[in-house]
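Input: a single structure, listed below in structure tokens.
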Amino acid sequence: MSDKLAAPPSIGPLTRETLPPPQGRQADDRQGFLCFTIGDEEYGVDLNMVRQIVKPPPVAWVPRTPSHILGVISIRGAVVTLLDLGLILGHGPCAWPRTARVLIVDMWEEQVGVLVDAVTQVRRLDPSALEAGAALSGCARSENVRYVARPGGGALFTIVDLDAILGERLK
Amino acid sequence: MSKRGKQAGGKVVEEFLSEAQEIVEGLGRNMLAIDKSSSDDPDPELVNELFRGVHTLKGLSGMFGVEPLSRLAHHEENMLDDLRLGRRRAGPEVLDLLFMSVEVMTGILAAVRDGDDPQDPLLAEVERLVRAFEGGGEAAADAGEGAKRAGCQPADIFGPEVLEVLTEYEEHRLRTNLKNGLPLYRVRARFDLAAIDTELDAVKNRLKPVAEIITYLPSTAGTDMDKLELDIIVALEAAADDLAAALEGVDASVEWIRTEGKESAAGPSVVPSAATKSEEGPSRADVSVAPQAALVRAGAGDGGRALSLRSVSQTVRVDIRKLDRLMNVVGELAIVRGAIARMSEELKVALGRRELAIELHRINRGFDRRLSELREGILEVRMVPLSQMFDRLARLTRKISRDLGKEISLIVSGAETEVDKLIIEELSDPLMHVIRNAIDHGIEDVEHRRAAGKPDTGTVALTAFQKGNHAVIEVEDDGAGIDGQRLLEAAMRRGVVDAEQAAVMSERDILNLVFLPGVSTVALATEMSGRGVGMDVVKTNIGALGGVVEVQSEVGIGTKLTITLPVTLAIIPALLVTVAERIYAIPLNTVTEALLVSPADARPIMGVETMTLRGRTLPLLRLDRFFGAPREGALPQGSCVVVASLGQRRLGLVVDGLVEQQDVVIKSMGPSLSSATCFSGATDIGDQRLALVLDTSKVIEEFFSAEGGAAPRAAGAE
């Protein structure tokens, strides 16, 4: 819908132009991830999936839907389903802290809003810093993990596979 | 990825598709008209229109490189050319080919729309048609020859200068009309140069019912710079008086040219009066007959033809999404209006600002009026008559009845009923299925019909009319009807109904079983109707449009399906209500009234809360409970009941309070919420807030299906 990411102040302006080239075999092999927190854990998602980051607008609850569907919100005149990612990832319902943000992400046929506790930063990681999620296979919810990111020096964080997570929830 | 590619050329392709689709639909319409006249000698005007349509399609598809389509059109054009020139006869087999070609063309267009190249079954079909069009041209070759030999020749009437500019087709028509003994007239009409398109069209339309237009010849007689004179050569099919009447008020004079065969077969009474008419023709007009030679020297013979071919269209094709966008803007403006209204209220209270407040209020009222005009205007643009879809259905009927070897007469009425374009799109598949069902399963074969004392030809009536805010479409057949007992048995075999339920089901409930998936009285799914789409899908699709389907049937007499649909989808007046502190919108078209109730009004009957409204029992549904946030105990003080009705059923929706009545734009929710069936969408209510729009029909349906047989009868109208 939009070519610009409306980013919260902490990140600085982000535009599509600054996004890494897809499958960059050329100059930059690094992949961009938008990082956010839920509870005390840090997560990342593929930056290419994120269309927009907005402060949570008023939510209209939709009766008789699973609890991870918070309801619908109005994004630029369109009605968008809002999901509580924390609930899906096993953190319990979102406490709506003041830092909470909604990531508008592209899923197949529609855009979906994903509620997170806070957005922290954009990280560009070398492929070598990504460990396949297979290491955790067998653990609960391991199917949600795409990579474990090991940024040089920084703390580990989980890169979640939104396609898989939401795909299953939205069917 | 392929999606991207499609978007790149999308606009061009879309334009091609919509234009081609329009032509193909026009072809179908003309074919139906020819078919209806059911003679071997179809209206030449119609055949000629077919020819032109196919010709245009050929050019169009050639330009867009849709090779199979242009190839098909090319050969069809040749065949139609033979047809209109009388070199070939229009027997039923030719008509079959033509109808088939429309199917194939539609198939090709559908493939193009999906971004594919037409694949084999289609291509094979094209080749088959091409071969068929190429062959069999000689059959009626002698018809033209015969006419040439007999009687009056065009050359007896017109000089070679005129004959030279006549096209082969025009000459053929001239000859045929002479042969048939129709009197020829020259209508000399004067047109304003600036408005010739529309004026000529008007004259054409006046002439068509009484005469066949053979050609237009420009006349040079007029000296007025701003006027153009045309000689319209017509063959009169009605009495001469009718011609004069048809041209009433037109700046034209009429001159009789000649009638072949004197007072012969054509009708003796016509000719004399025509002759007298011709006497006064020239005298009442100030036009002198121009020498024929001058006509042609002017070299405008071609110009005349160009004029006749130019189609005058006052219509614009618009992408429906653009209208949706406009409608969204209207919705947003309505929110602005609300904000202004609030502000004027506040101003009124503020000290010393009373005049300003009144002024603002007045302005806002004007704004409001214009806004609703705008809204209605856009809605009107979105409305299209059902005729297009009905034409398609008529073609389908013809095809199915041929395939099944059943004689069917389809009676269409109310095709002019207008419905929102989107509804038509969504309606066409379900309706096709219903008709297919009616013909395949409803209408019996000839032996059975004879045995039942019915005429051989089965009748399917397709009727549409508007009823308040709704459009009603009925499909009625005079077939065998639905055997309720067998239906019930089938449902029980399927395990949909158990014996206990079966014992208490009303006749209507039983008939409604046809809408359950997998329930059919037909042992064998035929090729026609057994293909996946069942009546359950029909019901679902129509439900998605906010409509309802009802079925009535009598064994041995026939079946009638009634589809009731909202006329528009986009914007609706709604009642905003609060339930558990949240705001919801209830479409007003389903609301009959809203009233305050006290806790004492509610009475349980068999576990269902009910109240008495004007002496009738009204079942109640507490929306908070329905939404899954139940509050125990009696009705809260100050509750309101919104009485919703759909068809025969009434249900009282208990809400906490009424907010206001507002026009809302319904925006659909994403596929992720497709399970939230009791809402048709959400709507903006200002400040970025959304209110869910209740799908009343779904709620009512769910309520009555959950409550079982008892409640519906309590609610039903006596």
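A note on names: the letters A, B, ... follow the listed sequences, proteins ahead of strands, and every chain is numbered from 1. Note that the structure is a prediction, hence the values are computed from the model and not measured.
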Self-check item: Per-residue contact mode, L690(B) against chain A (heavy atom under 4.5 angstrom)
Solution: both
Quiz item: R689(B), R582(B), M669(B): which one forms the most heavy-atom pairs within less than 4.5 Å of chain A?
Solution: R582(B)
Quiz item: Relative to the ring of F36(A), is the ring of Y43(A) parallel (under 30°), tilted (30 to 60°) or perpendicular (over 60°)?
Solution: parallel
Practice problem: Could you check if a side-chain atom of K698(B) sits within less than 4.5 angstrom of a side-chain atom of F679(B), using non-hydrogen atoms only? | Solution: no
Quiz item: Would R382(B) and D420(B) pass as an ion pair if we require N to O under 4.0 Å?
Solution: yes
Exercise. Heavy-atom distances under 4.5 Å only: say whether Y584(B) touches chain A with side chain, backbone, both or neither.
Key: side chain
Practice problem: Please check if atom CD in E660(B) has more than 12 non-hydrogen atoms from other residues, nucleotides or ligands closer than 6.0 Å. | Solution: yes
